[in-house]
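Since the structure comes first, as C-alpha cells, the remarks are kept for the end.
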4 protein chains.
Amino acid sequence: MRVGTLLRRLIAEGQVTDPDSPKGRLLGAAARLFRQKGYSRTTVRDLAAEVGILSGSIFHHFANKDEILFGVMIEVVTAMEEMLKVSLAEATTTREKVRVLIDNELLFIHGKTGDAAAVLIYEWRALSEERQRQVLERRDNYYRLWNECLQQAHDEGLITVDPDCLRQLLHGAIVWTVHWYEADGEMSLEQLGEQVLNMALKGEP
Amino acid sequence: MRVGTLLRRLIAEGQVTDPDSPKGRLLGAAARLFRQKGYSRTTVRDLAAEVGILSGSIFHHFANKDEILFGVMIEVVTAMEEMLKVSLAEATTTREKVRVLIDNELLFIHGKTGDAAAVLIYEWRALSEERQRQVLERRDNYYRLWNECLQQAHDEGLITVDPDCLRQLLHGAIVWTVHWYEADGEMSLEQLGEQVLNMALKGEP
Amino acid sequence: MRVGTLLRRLIAEGQVTDPDSPKGRLLGAAARLFRQKGYSRTTVRDLAAEVGILSGSIFHHFANKDEILFGVMIEVVTAMEEMLKVSLAEATTTREKVRVLIDNELLFIHGKTGDAAAVLIYEWRALSEERQRQVLERRDNYYRLWNECLQQAHDEGLITVDPDCLRQLLHGAIVWTVHWYEADGEMSLEQLGEQVLNMALKGEP
Amino acid sequence: MRVGTLLRRLIAEGQVTDPDSPKGRLLGAAARLFRQKGYSRTTVRDLAAEVGILSGSIFHHFANKDEILFGVMIEVVTAMEEMLKVSLAEATTTREKVRVLIDNELLFIHGKTGDAAAVLIYEWRALSEERQRQVLERRDNYYRLWNECLQQAHDEGLITVDPDCLRQLLHGAIVWTVHWYEADGEMSLEQLGEQVLNMALKGEP
DNA sequence: GATGAATGAGCTTTCATTCAT
DNA sequence: CATGAATGAAAGCTCATTCAT
C-alpha cells in the first residue's frame with residue numbers, strides 16, 4: 001500500500017487533517033517552519049504569513065501554539081504507526097519485516113511527511129508535558145511493533161545482539177539521515193534501506 | 001590519555017575555558033540548561049541564577065547570548081577533535097582505530113562533556129549563521145579524521161559499504177544514545193562501544 | 001400595581017424588550033453576565049453562548065457591544081421611573097410616599113431586574129459617553145421624583161436634614177444592599193425597607 | 001493623629017510603599033487610572049505613560065497587572081484599619097467612637113487615598129480570587145472594629161436597629177458619597193460626617 | 001436571521017541588552 | 001567586575017466586528 005492511500009483513509013477517519021483544509025495547510029506550514037527554524041524561533045505571525053492569513057486567525061483552528069506543535073506530531077506518529085502495521089501485514093518473512101521497519105521509517109523521514117517527522121524527533125522538549133504524554137502513548141505503540149519484530153528476528157538467529165539495543169541504534173542511524181541523505185542524490189532510498197538492513201543483519205544473503 | 005589530561009592542556013593553551021573560572025562556570029551552566037530546556041527557552045536570567053550572579057553581569061563575559069552558545073559548542077568540538085587525534089595516534093591496528101572513533105564519541109556524549117555535546121548536536125539551528133561557519137570548520141576537521149580512518153578500513157576489507165555512508169549511519173546511532181543509554185544501567189559504555197563496532201564491521205567478533 | 005403588570009405595559013409600548021424574544025433573552029443574559037463578571041471581562045462570545053447562538057449573530061440585534069450595555073441600562077432605568085410614578089400616585093400620605101421611594105428601589109435591586117439594576121449602578125464608566133448622556137436624562141427624571149418627595153417631607157417637618165443630601169445617603173445605603181442583603185435570609189425585603197425608612201425619618205414609629 | 005503621620009509609620013514598617021519610590025508612584029498612578037477608567041480598560045501602557053516609564057519596566061516592580069491592583073487595594077485597606085484603630089483608641093465616649101467610624105471612612109474616601117479607596121470598592125471582581133482572599137482578611141478585621149463599636153452603641157441604647165444591618169446601611173451611604181460629594185463644595189467633610197451620624201443615631205446631640 | 005472564518009488592532013507579558021552607580 | 005532598574009522590540013493571544021454563504 002502506498003502512503004497516499006493510507007493518508008486518505010486516515011483523513012476520512014478524522015485521524016489526520018485534510019492538507020487542503022485551512023487547518024491542514026496550517027499544519028503543513030508549521031511542520032516546514034518548525035523544522036527549518038525551530039519551534040520557539042517560529043512565531044505565529046510567521047506561520048500566518050506562510051499560509052496567507054493574519055496571526056489572529058490561527059486561533060480559530062488551534063487554541064494555542066503548543067496545540068499546533070501537538071497537531072504536527074500526533075498526526076505523523078499516527079500515520080507512521082498505521083502505515084507500519086499495514087506494511088508489516090503484507091510482509092511474509094521475518095527478514096522482509098525488518099526491511100519494512102527500516103523502509104517505513106525512511107519513507108516518513110524523506111517523503112512528504114519529512115518535515116513533520118523531523119519535528120517529532122527534534123522538537124520534543126518544546127511540547128508541553130501533558131501533550132508529550134499523549135504523543136508518547138502513540139510512539140510506544142510504534143516502538144512495540146519494532147520490538148516484536150526484532151525479537152522474532154533474534155529468536156530466528158537473524159540478529160545476535162540485544163534487540164532492544166539494536167532498535168535504538170538503528171533508529172538513531174535512520175533518524176540521523178535527516179541531516180545528510182538527499183533524496184535526489186546518487187543513492188536511492190531503497191539502497192539506503194539496504195545499507196541499514198546490512199548493518200542490522202549479520203551474515204546473510 | 002584521559003580526557004581530563006587533555007582538557008588541562010587545552011585550558012593551558014586557551015582553547016578551552018577553565019571550568020572553575022566565572023566564565024567557565026557560566027559555560028557549564030549554559031550547557032546544562034541549553035540541553036535541558038533548549039537554547040531559546042533558557043533565559044539569560046536562568047543562566048545567571050544558575051551560577052549565582054545577576055543577569056546584567058553575564059555581559060561582562062559574553063557579548064551576547066549567541067556567543068555563549070558558540071562558546072559551549074566550539075569548546076566541545078575542539079576537545080572532541082583533539083582527543084580523537086591523540087587517541088588515534090595511540091591505536092595501532094585499523095580495527096583499533098575504528099574502535100577509537102566510536103569510543104571517543106561515546107565518551108564525549110556520556111562523560112562530563114555530555115551536556116555540551118548534546119547542545120552541539122541539537123541546538124545547531126539556534127546558532128547564528130556566521131558562528132555556525134566557525135564551528136563547521138572544526139566539525140569538518142573532526143569528520144575528516146573519521147573519513148580517513150573508515151577509508152583505510154574499507155581498503156583493508158574491514159568494511160564493505162561506502163565509508164561516507166557508514167560514517168553517517170554510525171554517527172547517528174551513537175548520537176541517538178543520548179536519548180536512551182544510561183551510564184549507570186546494566187550495559188557499560190565499553191559494551192555499548194562493542195555493539196556499535198559489531199554493527200560497523202562485518203564478520204568477526 | 002405589581003412590577004410584572006407595569007413591565008407588560010412597557011413591553012407593549014416598546015419601551016422595554018420582551019424577555020422572551022431573542023433580543024430580550026440577550027439582554028437578560030447580558031445583565032446577568034455583566035453583573036457577574038463585569039462588562040469588559042464579558043466577551044460577546046460568552047453572551048452568545050449563554051443564549052445558545054453564535055457570536056456573529058449578536059450583531060443582528062445590536063450594532064455593537066456598547067449598545068447591549070445601553071439596552072440593559074436604559075430599560076431598567078425606564079422601568080424604575082415608570083414604576084415609581086405609578087406607585088407614588090397610589091400613595092396618600094407623604095410618609096407613605098417616602099416609603100414608596102425606598103421600597104421601589106429595593107424592589108428593582110432585589111427582584112427579577114436585580115442584575116440590570118446592578119449593572120446600571122456599577123458599569124457606568126463602561127458606557128460610551130454619548131449614551132451615558134441618554135441614560136442620564138432618564139436617571140435625572142427619576143431623581144427628580146425623589147427630590148420632590150423629600151422636599152415635601154422636609155416642608156412637613158418629617159425630615160430635618162438637607163433633602164438633596166439625604167437622597168444621596170439613602171440611595172447609597174439602598175444600592176449597597178446589593179452586596180449583602182439576601183432575599184431568602186431572615187430579614188424580609190419589607191423589614192429592610194422599614195429599617196431604611198427609620199434611618200430616613202427622625203422621631204416617630 | 002493625622003493620616004500623614006500614620007502613613008509614615010506604615011511606610012517605615014513596610015506595610016505601605018513610599019509614594020516617592022518608583023513602585024509607589026506606579027501604585028498612585030494605578031489607583032488614579034483604575035478609578036477613572038476602570039481596571040480592565042486601563043492598559044499597562046497607560047500606567048507606564050502616566051509615570052513616564054516604558055511598559056516593560058512595570059514588570060520589574062510587579063509580576064503582573066493583577067499584582068498592581070492587589071497592591072493598591074491591600075495598602076489602602078491596611079491603612080484604613082490601622083488608622084481606625086488609632087483613632088478609636090483616642091475616642092472616649094461611645095458616641096465619639098461611632099463618629100470616628102464614620103469620619104475615618106469619609107477621610108479615606110475623600111482624602112489623598114480616595115482613588116485607592118474607590119478602587120477597593122469598585123474593582124473587587126477584577127482581582128484574582130486568590131488575592132481577593134488576602135484582601136478579604138484585612139477587610140474583615142476592619143469590619144470587626146465597626147461591629148464591636150456598633151454593638152456597644154446598641155448595648156448603651158444609642159442605636160436601636162440591628163448593629164450589623166446598620167453597619168451595612170451606613171457603609172453604603174458613606175461609600176456612595178464617592179459619586180456626589182465634592183470636598184471643595186459648600187458642605188465640609190465634617191458636616192457630612194455629622195449628617196451621617198445623625199442618620200445613625202436616634203435621638204440627638 | 002444565523003453562521004463561523006477571518007480580520008486587525010490592541011492587549012499583557014517576556015527578555016536580551018544597556019548603563020549609571 | 002557586579003548590580004539591577006530601565007529599555008523597547010517582539011512575542012503569544014484576545015476579541016469586537018465584518019461578511020460571504
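Please read all numbers here as calculations on a predicted model, not as lab measurements. Chain letters run A, B, ... following the sequence lines, proteins first, then strands; residues in each count from 1.
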Strictly distance-based, threshold 3.5 Å: is any side-chain N or O of A/Gln15 a donor or acceptor partner for the main-chain N or O of A/Leu10? no
Atom CG of D/Asp46 and atom C1' of E/dG10 are separated, to the nearest Å, by 11 Å
Hey, are C/Glu129 and C/Arg133 close enough for a salt bridge, meaning a charged N less than 4.0 Å from a carboxylate O? no
Please tell me which of the listed nucleotides, F/dA6, E/dG8, E/dA2, lies nearest to the side chain of A/Leu54? E/dG8
Would you say C/Met73 and C/Arg138 make side-chain contact, with heavy atoms under 4.5 Å? no
Any base atoms under 4.0 Å from A/Ile53, or only sugar-phosphate, or nothing? Heavy atoms, all strands. sugar-phosphate
Protein within reach of the bases, or only the backbone? For nucleotides 13-21 of chain E, mark each nucleotide 5' to 3' as B, S or -, using heavy atoms under 4.0 Å. BBSSBB---
Per-nucleotide pairing state of DNA chain F [Watson-Crick or G-U, under 3.5 Å; [ ] pseudoknot-crossing; | other strand]: .||||||||||||||||||||
Check the distance between E/dT3's P and C/Ile58's CD1 and give it to me in whole angstrom. 11 Å
Pairwise side-chain contact, A/Ile121 with B/Tyr122, heavy-atom cut-off 4.5 Å (strictly under): no
Sort out for me which residue in A/Gln36, A/Arg32, A/Arg35 forms a side chain to side chain donor-acceptor pair (under 3.5 Å) with A/Asp115. A/Arg35
Ignoring hydrogens and geometry beyond distance, is a side-chain donor-acceptor pair present between C/Ser40 and D/Arg41 at under 3.5 Å? yes
When every non-hydrogen atom of B/Phe59 is compared with those of B/Lys65, the smallest separation belongs to CE2-N, 4.5 Å
Do the side chains of B/Asp20 and B/Arg25 get close enough for a salt bridge, i.e. N-O under 4.0 angstrom? no
Expressed as a whole number of angstroms, how long is the span from A/Leu47:CG to F/dA10:P? 18 Å
note: C/Leu26, atom CG; E/dG1, atom P; distance rounded to Å ~ 13 Å
Can a side chain N or O of B/His61 be found less than 4.0 Å away from OP1 or OP2 on F/dA2? yes
